[in-house]
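Here is the structure we will look at, set down as structure tokens.
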Amino acid sequence: MQIVQGHPRLRRVDVGRGNPENLRRAAQAKREAALARAENGLRASIKRGEPITFEGVAAAGGVSKDFLYRTTDLRCRIVELREQQSKRARTPDRPVPEAQRDTSSVIRTLTTKLTEERARHRAEVSELKAALAAAHGRLLELSRAPSDRNTT
């Protein structure tokens, strides 16, 4: 007990330490709930076929990215799943059919033509803008020049 000076009715105050075991249990329950949410978020991302990222799993599970990085087991699983996804993306399961290769070459050809036309049009627009600016300058010059009219 601690004696409090000042107020006559409050001479003694019991300053206890609380129950640290309750705090430990509450913190553990909070951590386990966050772990369960993160696991559910990871499963949901996999099920939807989304790219596995720390940000995506954190958003899906309602946990922080910091929590995912600090939880070693989760961090290792996310990194492993992400690597598996990137390997699958790099190595196609089946060869590309000939018809599709032809289509992609047509697309490349058209893209090249469009790029060339776009560059040509940009150059043409630049020339027209320069000519318009010169014409505006000439008009301004003529409007400010003294006129040859007789003023009497």
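What you see below is based on every heavy atom in this structure, not just the backbone, and it leaves out hydrogens, waters and symmetry mates. What you see is a predicted model; the values in this text were computed from it and never measured.
Rounding to the nearest 0.5 Å gives a distance of 11.5 Å between NZ of Lys113 and OG1 of Thr111. Distance check: Glu21 CD to Leu23 CG gives 9.5 Å after rounding to the nearest 0.5 Å. To the nearest 0.5 Å, atom CG of residue Leu110 and atom OG of residue Ser105 are 9.5 Å apart. Here the straight-line distance linking atom CG of Leu35 with atom CG of Asn40 works out to 10.5 Å at 0.5 Å rounding.
Sorted by first and then second residue, the side chain to side chain donor-acceptor pair (under 3.5 Å) pairs with a member in residues 26-37 read Gln28-Glu32; sequence neighbours excluded. The stretch residues 115-136 participates, sequence neighbours left out, in no ring pair (Phe, Tyr, Trp, His ring centres under 6.0 Å) pair at all. The side chain to side chain donor-acceptor pair (under 3.5 Å) pairs that include a residue from residues 71-82 are Glu39-Arg77, where partners are two or more places apart or lie in different chains.
By the salt bridge (Lys or Arg N to Asp or Glu O under 4.0 Å) test, Arg144 pairs with no residue at all, sequence neighbours left out. Under the rule for a salt bridge (Lys or Arg N to Asp or Glu O under 4.0 Å), Arg120 has no partner lying at least two apart in sequence or in another chain.
Residue Glu117 qualifies as enclosed at atom CD: its count of foreign heavy atoms under 6.0 Å is above 12.
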Under 3.5 Å, side-chain donor or acceptor atoms of residues 46-63 against the rest of the protein: list the pairs with distances, not counting sequence neighbours.
{"residue": "Arg48", "atom": "NE", "partner": "Glu50", "partner atom": "OE2", "Å": "2.9"}
{"residue": "Arg48", "atom": "NH2", "partner": "Glu50", "partner atom": "OE1", "Å": "3.4"}
{"residue": "Thr53", "atom": "OG1", "partner": "Gly56", "partner atom": "N", "Å": "2.9"}

